[in-house]
> 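I have a structure I would like to understand better, so I am pasting it below and will then ask my questions one at a time.
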Amino acid sequence: MSDVFSYEVFAARILFGPGRLAEAGQELARLCCGRALILTTASQKPAGEHLRDALGPLAVGLFAGAVMHTPVEVTQAALGVVASTRADCVIAYGGGSTIGLGKAIALRTKLPQIVVPTTYAGSEVTPILGETQAGLKIMKRDPQILPETVIYDPELTVRLPVAVSMASGLNAMAHALEGLYAQDRNPVSTLQALAGVEALHGALPAILANPANRAARSAALYGAWLCGTVLGTVGMSLHHKLCHTLGGSFGLQHAETHAVILPQALAYNEDGARAALAPLAKLFGPRLGAGLFDFTAHLGVPLSLRALGLAESDLDRATRIATQNPYWNPVPVEVASVRRLLQAAWLGRRPD
Ligand code: NAD
């Protein structure tokens, strides 16, 4: 433990447990809201309609156009619906894409947000928004972005496809792993990171074996909460910079990109952050990058950027963007080394 640290809490009200979505109406009353606009992706529209029907007159509309990486054009379209429905709050019901849209609306309108996360992305507990405009993902941090209330209902994750569940769980783990060596980490963020990784390390293989395993679904969502909290509290490093670059500028799938980059980025950093990462040896063995690679391979997620559709000819441009304004990293961010990292990730090579 470091004996010099700063600790700041970004507090959202958390409701956790099976069936708790039924309390959404009470939460609206708590926030003094009575005209909720529900947000979903296109594929989760039926779930949004179900919630709208359950809320009755408390819901004034449904915008089912959320997409990945929060493009500003989609936010503009949703703001039109906010205005035409005279909504006094948003309920983001879905994964990180839907949550990002709710945050983008809240940032511009100051409307309160209730979030019902249905993946493990962890965005619901962060004051961070990554918006895409003109092919670049711009990260914003503002207290207004942090949702007021989060309803974690593991029942809503039981039908999350296994492939999405695995990649999304690794996305959550990535927040905690980078949080362990963050410059501004504190003893509480470290406890949360270790507990979050441990919960997901146990839950993901159990979900893979039986996607309807309620206890494992609950543990995974609990882990996602902890890992997301770490993301919202401390700074991220090379791994997140690479994923923001590959998602924002090359359109790669968010969670799958995290899954591919994670073993490579952790291998890059593990010698420079040996003490901070040491507690993970009991989960992943003595070489963290290699151990993570084996874990992700076991979960059946894609292992290479090539499999995600990135062209090899894009690696130079990705290296350039990722190294231009690098996030702080425990190991120096050098162009040649990052290029080698991306080559290994493109091929899906197991780190040594
Ligand atoms: P997503 O929200 O796009 O969801 C993936 C797909 O799964 C979507 O088609 C969605 O409709 C579907 N889905 C979600 N939950 C489901 C369920 N329970 N059952 C069936 N289908 C379901 O993907 P994601 O990985 O959760 O989020 C990615 C986005 O989140 C990116 O834009 C990323 O930048 C953002 N993000 C932001 C933060 C932050 O703190 N700002 C953190 C993590 C991720």
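Quantities reported herein were computed from a predicted structural model and do not represent experimental measurements. All residue numbers in this chain count up from 1 along the given sequence.
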> Under 3.5 Å, is there a donor-acceptor pair linking the side chains of Tyr120 and Asn171?
no
> Determine yes or no for a side-chain-to-main-chain donor-acceptor pair under 3.5 angstrom, with His69 supplying the side chain and Leu252 the backbone.
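Looks like yes, one N/O pair under 3.5 Å.
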> Please check if the number of heavy atoms outside Arg159 that lie under 6.0 Å from its CZ is greater than 12.
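No - once you tally the heavy atoms of other residues, nucleotides and ligands closer than 6.0 Å, there are 12 at most.
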> Within a strict 4.5 Å, meaning less than it, do heavy atoms of the Gln133 and Ile138 side chains meet?
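Result no, sub-4.5 Å side-chain heavy-atom pair not found.
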> Tell me whether Leu21 is reachable from Leu58 by hopping between hydrophobic residues (I, L, V, M, F, W, Y) whose side-chain heavy atoms are closer than 4.5 Å.
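Same cluster.
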> Within a strict 4.5 Å, meaning less than it, do heavy atoms of the Leu342 and Leu246 side chains meet?
yes
> Check Val230 against Ala176 and note the closest heavy-atom contact, atom names and distance.
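Smallest heavy-atom distance, with atoms named: CG1-CA, 4.2 Å.
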> Quick check: closest heavy atoms across Pro286 and Glu270, and the distance to 0.1 Å?
O-OE1, 4.0 Å
> Can you confirm whether His254 sits close enough to Cys243 that some side-chain heavy atom of one is under 4.5 Å from a side-chain heavy atom of the other?
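Side-chain contact under 4.5 Å: no.
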> Can you hop from Val125 to Leu200 via hydrophobic side chains spaced under 4.5 Å?
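Per the 4.5 Å side-chain linkage, Val125 and Leu200 are co-clustered.
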> Checking Ser249 side chain against Gly135 main chain: does a donor-acceptor pair fall under 3.5 Å?
yes
> Once rounded to the nearest 0.5 Å, what's the spacing between atom CZ of Arg52 and atom OH of Tyr93?
13.0 Å
> Do Thr296 and Val260 have side chains that approach each other closer than 4.5 Å (heavy atoms only, starting at C-beta)?
no
> Look at the side chain of Asp184 and the backbone N and O of Val234, then say whether any donor-acceptor pair between them is shorter than 3.5 Å.
no
> Before you tell me yes or no, could you show the steps for Ile99 and Gln113 under side-chain contact (heavy atoms from CB on, under 4.5 Å), namely the whole-Å CA-CA distance, both residues' side-chain angles and the distance that decides it to 0.1 Å?
CA-CA 9 Å; Ile99 297 166; Gln113 310 167 66; 5.5 Å; no
> Please report the closest heavy-atom contact between Leu170 and Ala259, naming both atoms and the distance.
CD1-CB, 3.7 Å
> Backbone N or O of Gly61 within a donor-acceptor pair of the Thr85 side chain at under 3.5 Å?
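Not a single qualifying donor-acceptor pair exists.
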> State, with a plain yes or no, whether a side-chain heavy atom of Trp346 is found less than 4.5 Å away from one of Ser304.
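Heavy-atom side-chain distance check fails, nothing below 4.5 Å.
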> Dump the intermediate steps for side-chain hydrogen bond (donor to acceptor under 3.5 Å, both in side chains) on Gln343 and Arg339, then the final yes or no.
CA-CA 6 Å; Gln343 187 71 38; Arg339 180 64 176 76; 2.7 Å; yes
> Counting distance only, does the side-chain N/O of Ser189 pair as donor-acceptor with the main-chain N or O of Asn186 below 3.5 Å?
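Flag set: sc Ser189 to bb Asn186 pair under 3.5 Å.
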> Indicate yes or no for a side-chain donor-acceptor contact from Asn329 to the backbone of Leu238 under 3.5 Å, with no hydrogens or angles considered.
yes
> Could you walk me through whether Thr118 and Gln44 pass side-chain hydrogen bond (donor to acceptor under 3.5 Å, both in side chains), step by step?
CA-CA 10 Å; Thr118 61; Gln44 289 185 285; 3.1 Å; yes
> Would you call Ile145 and Asp142 a side-chain contact if the rule is heavy atoms closer than 4.5 Å?
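Side-chain contact under 4.5 Å: yes.
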> For the residue pair Phe16 and Trp225, does the interplanar ring angle fall in the parallel (under 30°), tilted (30 to 60°) or perpendicular (over 60°) class?
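Rings of Phe16 and Trp225: tilted, 30 to 60°.
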> Yes or no on side-chain hydrogen bond (donor to acceptor under 3.5 Å, both in side chains) for Thr126 and Lys103, after CA distance, side-chain angles and deciding distance?
CA-CA 10 Å; Thr126 78; Lys103 289 174 160 183; 2.8 Å; yes
> Once you round to the nearest 0.5 Å, how far does CG of Leu31 lie from OG1 of Thr149?
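It is 4.5 Å, given to the nearest 0.5 Å.
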> Out of curiosity, Leu15 CG to Glu27 CD, how far, rounded to the nearest 0.5 Å?
4.5 Å
> Could you tell me whether a side-chain N or O of Thr323 sits under 3.5 Å from a main-chain N or O of Thr319, the two making a donor and an acceptor?
yes
> Would you name the heavy atoms of Leu28 and Ala36 that are closest together and state the gap between them?
CD2-CB, 4.0 Å
> For the pair Lys137 (side chain) and Thr70 (backbone), establish whether a donor and an acceptor sit closer than 3.5 Å, ignoring hydrogens and angles.
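The answer is no, because no donor-acceptor pair under 3.5 Å joins these two groups.
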> Measure from the side-chain N and O atoms of Ser168 to the backbone N and O of Ser165, and report whether any donor-acceptor pair falls under 3.5 Å.
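Between the backbone of Ser165 and the side chain of Ser168 there is no qualifying donor-acceptor contact (under 3.5 Å).
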> Report the distance from atom CZ of Arg217 to atom CG of Leu156, rounding to the nearest 0.5 Å.
11.0 Å
> Between Arg20 and Glu155, is a salt bridge (charged side-chain N to carboxylate O under 4.0 Å, His left out) present by the stated rule, with each step listed?
CA-CA 9 Å; Arg20 296 210 67 181; Glu155 284 300 316; over 6 Å; no
> For the OG1 atom of Thr257 and the NE2 atom of His244, what is their distance to the nearest 0.5 Å?
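Nearest 0.5 Å value for the OG1-NE2 distance: 11.0 Å.
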> side-chain contact (heavy atoms from CB on, under 4.5 Å), that's the test. Do Thr119 and Leu160 meet it? Break it down for me.
CA-CA 7 Å; Thr119 69; Leu160 182 64; 4.0 Å; yes
> Report the C-alpha separation of Leu37 and Ile91 in whole Å, then their side-chain angles, then the decisive distance to 0.1 Å, and conclude whether the side-chain contact (heavy atoms from CB on, under 4.5 Å) test is met.
CA-CA 6 Å; Leu37 175 65; Ile91 302 182; over 6 Å; no
> Any chance you could measure Leu180, atom CG, to Leu288, atom CG, to the nearest 0.5 Å?
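If I round to the nearest 0.5 Å, the distance is 9.5 Å.
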> Treating Asn213 as the side-chain partner and Ile207 as the backbone partner, does any N or O pair qualify as donor plus acceptor under 3.5 Å?
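Side chain of Asn213 to backbone of Ile207, a donor-acceptor pair under 3.5 Å: no, none is there.
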> Give a yes-or-no answer on whether the side chains of His258 and His240 include a donor-acceptor pair shorter than 3.5 Å.
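There is no such pair between these side chains.
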> Hey, quick one: are Leu231 and Phe10 part of the same hydrophobic cluster, counting side-chain heavy atoms closer than 4.5 Å, chains of contacts allowed?
no
> Ignoring hydrogens and angles, state whether a donor on the side chain of Tyr327 or Glu178 is under 3.5 Å from an acceptor on the partner side chain.
no
> Run the side-chain contact (heavy atoms from CB on, under 4.5 Å) test on Leu79 and Arg108 for me, step by step, so that the C-alpha distance in whole Å, both residues' side-chain angles and the decisive distance to 0.1 Å come before the verdict.
CA-CA 9 Å; Leu79 285 169; Arg108 289 164 175 82; 3.5 Å; yes
> For Tyr268 and His239, run ring-ring contact (aromatic ring centres under 6.0 Å, His included): C-alpha distance rounded to whole Å, both residues' side-chain angles, the deciding distance at 0.1 Å, then the answer.
CA-CA 9 Å; Tyr268 189 103; His239 168 83; over 10 Å; no
> Search all heavy atoms of Ile261 against all heavy atoms of Ala345 and return the closest pair with its distance.
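So the two residues come closest at CD1-CB, 3.9 Å.
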> When hydrophobic residues are tied together by side-chain contacts of less than 4.5 Å, even through go-betweens, does Leu303 share a cluster with Leu308?
no
> List the atom of Gly232, the atom of Arg141, and the distance in Å for their closest heavy-atom pair.
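Shortest heavy-atom separation between Gly232 and Arg141 comes out as O-NH1, 3.3 Å.
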> Are the side chains of Phe250 and Ile321 in touch, meaning some heavy atoms are under 4.5 Å apart?
yes
> Given salt bridge (charged side-chain N to carboxylate O under 4.0 Å, His left out), test Arg13 with Glu148 step by step and report yes or no.
CA-CA 6 Å; Arg13 175 172 155 78; Glu148 278 69 13; over 6 Å; no
> Do Pro351 and Arg287 come close enough that some side-chain heavy atom pair is under 4.5 Å?
no
> According to a 4.5 Å side-chain heavy-atom criterion applied to Ile, Leu, Val, Met, Phe, Trp and Tyr, with indirect links allowed, do Met166 and Leu283 form part of one hydrophobic cluster?
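Yes, Met166 and Leu283 fall within the same hydrophobic cluster.
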> Evaluate the salt bridge (charged side-chain N to carboxylate O under 4.0 Å, His left out) criterion for residues Glu198 and Lys282: first the C-alpha distance (whole Å), next the side-chain angles of each, then the deciding distance (0.1 Å), finally the verdict.
CA-CA 10 Å; Glu198 201 156 334; Lys282 66 175 184 198; 3.4 Å; yes
